[in-house]
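The structure under discussion appears below in the form of structure tokens.
In what follows, every heavy atom counts, from backbone to side chain, and hydrogens, waters and symmetry copies are set aside. In what follows, chains are A, B, ... by sequence order, proteins preceding strands, each numbered from 1.
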Amino acid sequence: MTEDKNLELAELLYPHIKTLPEDMERRYPPRNLPEGAKVTRFAPSPTGFIHLGNIYSALIDERLAHQSGGVFFLRIEDTDEKRAVEGGTELIIDMLGKYGIYFDEGATKDGDKGDYGPYRQSLRKEIYQTYAKQLVREGKAYPCFCSPEELEQIRSEQVAQKLTPGYYGKWAKWRDASLDEVKKMLDDGVPFVLRLRSQGTEGKSFKFTDLVKGEIDVSENFIDHVILKSNGMPDYHFAHAVDDHLMRTTHVVRDESWLPSLPLHIELFRALGFKMPKYIHTAQVLKIDEETGKKRKLSKRKDPEFGLSFFYESGYPPIVMIEYLMTLLNSNYEEWRMANPDKHYTEFPFSIKKLSPSGCLFDFDKLNDIGRDVISRMTADEVYSQVSEWAKEYDPELYAEISADPSYAKAIFAIGRGGKKPRKDFAKWSDVKPYLSFFYDRLFKIEDEIEPRFDKADIRRALELFLESYEEADDRNAWFDKIKAIAAELGYAPEMKLYKESPEKYKGNVGDVAMFLRVALTGRLNSPDLYDVLHVLGKERVAGRVREFIGSLG
RNA sequence: GGCCCGUUGGUCAAGUGGUUAAGACAUCGCCCUUUCACGGCGGUAACAGGGGUUCGACUCCCCUACGGGUCACCA
């Protein structure tokens with residue numbers, strides 16, 4: 001009786017669906033993968049925007065799949081046309097590609113790749129409806145014709161009565177509607193959503209094991225959630241169950257804000273007769289909200305500065321972001337990194353067990369430290385090519401200067417690089433310009449002043465003597481001996497030791513003389529090693545700047 | 001508010017019943033040094049609170065507090 005009713009209802013609702021679940025099972029058979037291989041996915045909406053939290057979980061997905069010889073695919077969750085952004089999918093693929101995250105299958109810039117597609121949910125309508133129709137046949141789902149106003153009405157009554165809001169029990173007016181009632185609405189062309197006929201009980205709970213949270217308490221779902229929207233498209237929950245089953249996902253990685261809907265997902269998988277994947281609900285990356293002073297999860301709308309593209313534009317090399325995220329993901333990563341400074345992060349034995357169940361605050365200090373460290377290990381050539389790639393897009397002035405004479409630029413980047421204890425001047429590419437601007441005449445300017453306590457005549461004399469004695473061929477020691485000699489001639493201590501013993505005997509020390517020269521050449525009180533600077537600048541430029549500085553002394 | 005998750009120094013965090021409670025970043029001091037950066041050495045700094053269980057709790061249980069998340073035809 002009721003079975004007949006359900007069969008008729010299913011035909012009434014989805015007459016155009018001729019396929020059955022078994023057709024889908026045949027079309028998407030279990031994957032032929034070695035034991036232990038994990039299948040994971042990254043499943044964004046095509047908004048074109050990826051923030052730190054997204055790549056945080058994408059990295060986990062990627063590592064789990066590729067470390068186990070499995071499959072990592074990209075699925076586009078575009079069931080809500082309102083969220084879609086023109087070219088959003090391409091933007092996401094490009095951005096992830098910049099960070100070295102690649103997919104084995106899924107949506108690509110020219111169509112889909114792989115045997116389990118389509119990988120864009122908007123193209124999977126028939127698949128969802130096949131399962132939805134089956135659920136109706138089995139009496140596990142039913143149409144609901146309530147208008148948004150009616151639902152709002154129900155909701156406010158529930159709130160007034162301090163009841164759990166939602167479509168369930170006596171509030172679920174279409175749950176037990178007769179076939180005739182449904183037919184009437186259908187004939188009148190009233191739009192409907194499909195709802196799950198929940199079997200759960202409010203207040204009941206059970207244990208569930210999440211791979212990072214461990215054993216957690218889950219309340220039974222008892223709400224007749226929407227599974228197919230009035231446009232016939234599934235919502236997230238239904239699509240998740242159908243897609244991850246058919247695409248044979250073994251591990252679902254998502255942030256913990258999904259935990260509250262886990263009960264629904266569990267009921268959905270049971271109703272559909274699917275085996276549950278393993279779940280990895282990750283803690284969130286948080287920030288301190290400027291207004292409240294409290295921690296909160298990153299928000300796409302409020303925190304554009306945590307968008308991946310923002311970090312990219314700021315010049316953080318993608319690998320630096322990855323390195324930082326790895327330290328957050330697996331706490332033993334830093335130790336491993338110190339022991340294996342030259343290995344690629346993919347060689348690190350990534351472990352689910354090491355994922356922390358608690359949220360973490362994003363730390364720019366730490367990011368910058370990692371940035372300095374990573375960049376300090378690059379060769380001058382690598383630095384040059386990465387800086388120019390970045391500057392080409394985000395700092396045309398810098399790009400123009402360095403690309404005009406690559407070997408000059410590389411000589412600059414070579415200063416203090418390559419040894420056991422390399423300089424760490426840059427955490428990100430936007431730090432480069434302020435550091436090297438003085439090497440370029442167009443960017444050079446006197447930024448710092450020599451303290452007025454020094455006699456201008458001394459400064460002039462020191463620089464004149466330098467000009468007379470400077471030989472580019474001198475080695476480091478010979479060069480500095482000459483600076484010492486100049487110091488002595490002016491009545492400045494030629495050795496720091498002498499000066500410290502009796503500062504009253506001298507007008508200053510050799511360091512001060514070097515400082516005069518430093519300001520003349522770099523315009524600053526601080527700079528990289530002067531001998532190196534001199535040689536990069538070249539004799540001509542050195543002489544020119546020193547003369548000009550002498551002139552400016554008046 | 002209901003439900004769920006979390007809580008070791010300023011930050012990220014080791015720890016899995018007996019530790020002087022690691023390490024990294026930040027911070028402070030000293031050293032190296034012609035400036036800066038690097039590097040070296042050292043310091044300050046933590047188990048949210050209260051009950052149990054136990055010979056013994058950071059570790060196990062309960063309660064409280066605090067923090068976070070979530071309650072859509074959005075994902």
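- In terms of the side chain to side chain contact (heavy atoms under 4.5 Å, CB included) criterion, residue partners of A:Ala239 (sequence neighbours excluded) are, by chain and number, A:Gln121, A:Tyr128, A:Pro234, A:Asp243.
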Could you pull out the protein-nucleic contacts involving nucleotides 72-75 of chain B (nitrogen or oxygen on both sides, under 3.5 Å)?
unit_1, atom_1, unit_2, atom_2, d
B:A72, OP2, A:Arg155, NH1, 2.7
B:C73, O2, A:Ser230, N, 2.9
B:C73, O2, A:Ser230, OG, 2.8
B:C73, N3, A:Ser230, OG, 3.2
B:C74, OP2, A:Lys229, NZ, 2.9
B:C74, O2', A:Arg83, NH1, 3.1
B:C74, O2, A:Arg83, NH1, 3.1
B:A75, OP1, A:Thr79, OG1, 2.4
B:A75, OP1, A:Lys229, NZ, 2.6
B:A75, OP2, A:Tyr236, N, 3.3
B:A75, O3', A:Glu77, OE1, 2.7
B:A75, O2', A:Ser45, OG, 3.4

What nitrogen or oxygen pairs link the protein and nucleotides 3-5 of chain B at under 3.5 Å?
unit_1, atom_1, unit_2, atom_2, d
B:C3, O2', A:Ser219, OG, 3.2
B:C4, O3', A:Asp217, O, 3.3
B:C5, OP1, A:Asp217, N, 3.0
B:C5, O2', A:Lys213, NZ, 2.7
B:C5, O2', A:Glu256, OE1, 3.4

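- No donor-acceptor distance shorter than 3.5 angstrom exists from the side chain of A:Thr249 to the backbone of A:Val252, with no hydrogens or angles considered.
- Contact check of residues 277-285 of chain A against RNA chain B (heavy atom, cut-off under 4.0 Å) returns A:Gln284.
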Per-residue pairing states of RNA chain B in dot-bracket (Watson-Crick or G-U under 3.5 Å; . unpaired, | other strand) read ((((((((.[[[..)..(....]]].(((((.......)))))....[[[[[..)....]]]]])))))))....
So which protein nitrogen or oxygen atoms get under 3.5 Å of nucleotides 9-13 of chain B's nitrogens or oxygens?
unit_1, atom_1, unit_2, atom_2, d
B:C12, OP1, A:Leu361, N, 3.0

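- B:G49 and B:C58 have their C1' atoms separated by 14 Å, with the value rounded to a whole Å.
- Ion pairing of A:Lys428 with A:Asp431 is present here, as a side-chain N (NZ or NE/NH1/NH2) and a carboxylate O approach within less than 4.0 Å.
- Both A:Pro422 and A:Asn526 lie near RNA chain B, and the one whose nearest nucleotide falls closer to the 5' end is A:Asn526.
- Nucleotides B:C66 and B:C30, compared at atom C1', are 40 Å apart to the nearest Å.
- Not a single donor-acceptor pair, N or O on each side, falls under 3.5 Å between the base of B:C36 and the side chain of A:Arg518.
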